[in-house]
Number of protein chains: 2
Amino acid sequence: METENKKILLVEDDPNFGTVLKDYLAMNEYEVTHAKNGMEGFEKFKKDDFDLCILDVMMPYKDGFTLAKEIREKNEEIPIIFLTAKAMKEDVLKGYKVGADDYLNKPFDSEVLLMKIKAIMQRKATDSVADSKQFEFEIGDFHLNSKLRFLTFGDEEPQKLSPKENELLRLLALHENDLMPRELALTKIWRDDNYFTSRSMDVYIAKLRKYLKKDENVEILNIHGEGFRLVVKNKEEEKA
Amino acid sequence: METENKKILLVEDDPNFGTVLKDYLAMNEYEVTHAKNGMEGFEKFKKDDFDLCILDVMMPYKDGFTLAKEIREKNEEIPIIFLTAKAMKEDVLKGYKVGADDYLNKPFDSEVLLMKIKAIMQRKATDSVADSKQFEFEIGDFHLNSKLRFLTFGDEEPQKLSPKENELLRLLALHENDLMPRELALTKIWRDDNYFTSRSMDVYIAKLRKYLKKDENVEILNIHGEGFRLVVKNKEEEKA
DNA sequence: TTTCTCTGTTAACATTTGGTTAAACCGGTT
DNA sequence: AACCGGTTTAACCAAATGTTAACAGAGAAA
């Protein structure tokens, strides 16, 4: 799970070239989404979280530059590489103005593209503060640090959590006192919803219950056929 | 504050081309230092603080790649653009491995170069704001001088660190008590993230642990599948 | 009830990742 | 050529994590 593969949005109208390029990138551990034109490209861009965009310049409906501008409005960080058949200087300049990270003339060597991608990703790896996810939770007397995968009870030694334990507890915490649907955890954590993953999840629920029973006010309830619920009772709301 | 013009180190052996390029850049508000070969380039690099390097690849005495490597040892951040007459794929790849930011084939359009320079400067401007050069750290009873690559424990003789040891410890220190993702170290220090670099990194973690065990309050913990954590326990926060 | 499905738990197992040591490698010197 | 510091690769073991099986128990429905 370390370093989930980087996601690339490839927008290229030539179906042959596009497919070949997609396959090549896929072979190199990138997860590629291929859109056939600018419109489709923008739709897909909005629907997912990409690490890099590769845009053909000349495309029907919406050219690469226009698309790039729209993408930049949504995300001013994401690296963009332009592909173009003609080596027109104006285009290159225009590309850089729109905030291109690099520029390649077709035909180009695929290895070169690969290196460029690597170089760019590396550059971005530095700053990218990443998504402002929520990583810390108070659960009764517990404190969950989801980034370090620690569950701390009072002032005791932190309990280490495995990635799955951690993700699962985090999901439950995000839905504290509410239903956390089975299916949600399965698709988000196990990325698959079937008999076995479901059983596996139950195993993890058991593990979490074991950790959580230190605080009697915290428990994970099952909602038959639906999912689970992380309940936190407040001891006595307040006493005068 | 930032009123001074950006400084560029231009290393190019062709006197005509070099001079023309220098003048052109100068006209565009850059302060250019022109060196005629790799040796001279490195000397000038050491003597001044540049914002960007433009290196010809083919040069007498010391070619652009070798020079780039030396420059990278001194400064892993500074943007480097290579110029080359021949468009050999191997060269391009080599360039990116050495940490090139961009690559231009001669003859090229000077405006394009200008845009590339702008684009790169912009990247760097937004990029490493947080990554402000910090070279000294207190780690428990240790003092790390990352510039001199010394690790000093109390008043003992300083322990010399190799470049990799040093970089790795520095990265850990920058993230003290927090997660330092594997991937970060691999891309920043090893410039590649694969099985072997990863194993290599583990070897270095082992070396660092050996150095650090002089202070029992300092340790490097692993977060399985994520990375490492440099933990510094404070002996007794306070005693009444 | 009976029966079926869903859940809880434990333990065995398989797989992946990390720790450590030693040997190989490499570019630069002696 | 032998050496040297630094780094990488190999090899082996240990620890961490995840999956599956097996079975007991609960819940729902007939």
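Fair warning: this is a prediction, and the values are worked out from it, not measured in the lab. Below, chain A is the first sequence line, B the second, and so on; all start at residue 1.
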*Can you figure out which of dT20(C), dG8(C), dT8(D) approaches the side chain of Asn222(A) most closely?*
dG8(C)
_Among dT19(D), dT7(D), dT20(C), which nucleotide has an atom closest to any side-chain atom of Ala206(B)?_
dT20(C)
*Residue pairs involving residues 150-161 of chain B (criterion salt bridge (Lys or Arg N to Asp or Glu O under 4.0 Å); sequence neighbours excluded)*: Glu156(B)-Lys214(B)
*Rounded off to whole Å, could you give me the CZ-to-P distance for the Arg182(A) and dC6(C) pair?*
9 Å
_Nearest-angstrom distance from the residue atom CG of Leu168(A) to C1' of dT7(C)_ = 14 Å
*salt bridge (charged side-chain N to carboxylate O under 4.0 Å, His left out) involving Arg182(A) - partner list, sequence neighbours excluded*: Asp202(A)
*Go through the structure and list residues passing salt bridge (charged side-chain N to carboxylate O under 4.0 Å, His left out) with Lys147(A), not counting sequence neighbours.*
Asp178(B)
*How does protein contact run along nucleotides 20-30 of chain D, one letter per nucleotide 5' to 3', with B for base contact, S for sugar-phosphate only, - for none, heavy atoms under 4.0 Å?*
BSB----S---
*Is Arg149(A) near enough to dT17(D) that one of its side-chain N or O atoms lies under 4.0 angstrom from OP1 or OP2?*
yes
_From dG19(C), dT8(D), dG18(D), nucleotide with atom closest to Phe228(B) side chain_ = dG19(C)
*Do Glu43(B) and Lys46(B) sit within salt-bridge range, that is, some charged N less than 4.0 Å from a carboxylate O?*
yes
*Out of dG19(C), dT7(C), dA16(D), which has the shortest distance to the side chain of Asp202(A)?*
dT7(C)
*Between dC6(C) and Ser198(A), is there an OP1 or OP2 to side-chain N/O distance shorter than 4.0 Å?*
no
_Between P of dT21(C) and OH of Tyr204(B), the distance in whole Å_ = 15 Å
*asked:* Reading DNA chain D from 5' onward, which residue's closest nucleotide shows up sooner: Asn194(B) or Ile223(B)?
replied: Asn194(B)
*asked:* Return whichever of Leu221(A) or Lys210(B) has its heavy-atom-nearest nucleotide of DNA chain C closer to the 5' end.
replied: Leu221(A)
*Distance in angstrom units between Ile220(A) CD1 and dC6(C) C1', rounded*: 17 Å
*asked:* Applying the side-chain contact (heavy atoms from CB on, under 4.5 Å) criterion to Val11(B), which one of Leu67(B), Asn37(B), Asp56(B), Leu83(B) satisfies it?
replied: Leu67(B)
Solution key, residues 47-55 of chain B side-chain donor-acceptor pairs under 3.5 Å, sequence neighbours excluded:
from, atom 1, to, atom 2, distance (Å)
Asp48(B), OD1, Lys7(B), NZ, 3.3
Asp51(B), OD2, Lys7(B), N, 2.7

*Integer-rounded Å distance: dT9(C) P and Leu208(A) CG*: 11 Å
Return the polar atom pairs (N/O with N/O) between nucleotides 23-28 of chain C and the protein under 3.5 Å, or none.
none

*asked:* Output the rounded distance in Å from CD (Glu226(B)) to C1' (dA16(D)).
replied: 13 Å
_Contact nearer the 5' end of DNA chain D, comparing Leu161(A) with Leu161(B)_ = Leu161(B)
*Separation of Asn166(B) atom CG from dT7(D) atom C1', in whole Å?*
15 Å
*asked:* Please enumerate all residues that pass salt bridge (charged side-chain N to carboxylate O under 4.0 Å, His left out) together with Lys118(A), with sequence neighbours excluded.
replied: Asp192(B)
*Return the set of residues passing salt bridge (charged side-chain N to carboxylate O under 4.0 Å, His left out) with Glu183(A) (not counting sequence neighbours), or none when no residue passes.*
none
*Mind calculating the distance between CD (Glu219(B)) and C1' (dG19(C)) to the nearest angstrom?*
15 Å
*Answer yes or no: is there a donor N or O on one side and an acceptor on the other, between the side chain of Ser162(B) and the main chain of Glu165(B), under 3.5 Å?*
yes
*Trp190(B) side chain N/O closer than 4.0 Å to the phosphate oxygens (OP1, OP2) of dT8(D)?*
yes
_Listed partners of Glu167(B) passing side chain to side chain contact (heavy atoms under 4.5 Å, CB included), at least two apart_ = Glu76(B), Arg170(B), Ile189(B)
